[in-house]
Structure formats: C-alpha cells, structure tokens
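Written below as structure tokens is the structure these notes are about.
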Amino acid sequence: MGIDIPKDRWLAIGAHVLGFVRRMKNKERLPVIEAELFAEIHPDMVALSRRVLVSEGETWQVDETEAFLLAVHFEAIRIMQTDPSQ
C-alpha cells in the first residue's frame, strides 16, 4: 500500500486486531457507526483494513465498524507520511 508503519503504530494496530479476534470468538459486536464517517478515510485504507481483518482465516464476516476503526489507524499513518506537518 506504500505506507511504512512505525513501531509504535504496530502496537496500536496489534491491540485493535487482538480485540477484534476476541470479539469475533465471543460473538460480540461493536455499535454500528454512521456510514458518512467512511468518507473521512481514504478508500485504500478501508480496503487494507478489510483485508487484514479477513486474513485471520476464520469464517467470520468483518463488520463495518471493525473495518472503520482499524482503517483509522492506517489513515493516520498515511496522513503523517504524506503530510508530516499533521
């Protein structure tokens, strides 16, 4: 995707993915978010998020709230790398 994930961001992403896996195994769901929020995130970062969450190899269906929350991490990294003043 052309982004270099800093070590400190790996920790945040790992914690999110761990929470996701725990929620899926326990059949828990996060509250639904407004679809308009996706407009704030670059589509490539949302696609990356969905790919990461599906790559766990389980049969669960990725929920849009989970995809959005993980995409926020990727979007923050993308913005920092394209505009370091942010």
Side-chain angles (χ1 to χ4, degrees):
M1 298 298 298
I3 60 172
D4 180 32
I5 301 173
K7 289 180 185 179
D8 63 319
R9 292 294 175 152
W10 275 115
L11 182 60
I13 290 168
H16 181 95
V17 172
L18 178 62
F20 164 76
V21 171
R22 187 174 357 104
R23 285 187 290 278
M24 292 299 103
K25 289 193 181 278
N26 293 328
K27 300 189 184 329
E28 298 170 3
R29 303 291 262 191
L30 292 173
V32 175
I33 60 166
E34 297 174 22
E36 296 82 32
L37 292 174
F38 279 92
E40 312 245 344
I41 306 293
H42 192 284
D44 289 346
M45 300 302 104
V46 176
L48 176 59
S49 175
R50 287 184 180 126
R51 283 200 328 251
V52 168
L53 295 176
V54 169
S55 70
E56 288 298 319
E58 296 290 336
T59 57
W60 53 59
Q61 188 175 29
V62 174
D63 111 357
E64 291 301 295
T65 300
E66 295 283 2
F68 174 80
L69 294 175
L70 184 57
V72 169
H73 292 288
F74 295 132
E75 180 68 1
I77 295 165
R78 186 188 72 77
I79 289 171
M80 285 188 314
Q81 291 179 1
T82 57
D83 185 2
S85 68
Q86 294 289 322

(message) Under the criterion side-chain contact (heavy atoms from CB on, under 4.5 Å), I'd like the reasoning laid out for Arg29 against Met24: C-alpha separation, chi angles, the key distance, then a yes or no.
(response) CA-CA 8 Å; Arg29 303 291 262 191; Met24 292 299 103; 4.2 Å; yes
(message) I'd like to check Ile77 versus Ile13 (side-chain heavy atoms, cut-off strictly below 4.5 Å). Are they in contact?
(response) yes
(request) Considering non-hydrogen atoms only, spot the tightest contact between Ser49 and Ala67 and give its length. (result) OG-O, 2.6 Å
(message) Distance check, rounded to the nearest 0.5 Å: His42 atom NE2 versus Ile79 atom CD1?
(response) 10.0 Å
(request) Taking all heavy atoms of Ile33 and all of Phe38, pick out the closest pair and write down the distance. (result) CD1-CE1, 3.8 Å
(request) Look up atom CG in Leu11 and atom CZ in Arg9, then write down how far apart they are to the nearest 0.5 Å. (result) 11.0 Å
(message) Taking Pro31's backbone N and O only, do any of them form a donor-acceptor pair with Thr65's side chain (distance below 3.5 Å, no angle check)?
(response) yes
(message) Could you check whether any side-chain heavy atom of Leu70 comes within less than 4.5 Å of a side-chain heavy atom of Phe20, counting everything from C-beta outward?
(response) no
(request) Look up atom CZ in Arg78 and atom CD1 in Ile41, then write down how far apart they are to the nearest 0.5 Å. (result) 8.5 Å
(request) Drop me the distance from His16's NE2 to Leu69's CG, to the nearest 0.5 angstrom. (result) 5.5 Å
(message) Counting C-beta onward and ignoring hydrogens, is there a side-chain heavy-atom pair between Arg22 and Glu28 closer than 4.5 Å?
(response) no
(request) Can you measure from CD (Glu40) to CZ (Phe68) and round to the nearest 0.5 angstrom? (result) 7.0 Å
(request) Check whether any side-chain heavy atom of Arg50 lies under 4.5 Å from a side-chain heavy atom of Glu64, and answer yes or no. (result) yes
(request) Locate the shortest heavy-atom distance separating Pro6 from Gln81; write the atom from each residue and the value. (result) CD-NE2, 4.5 Å
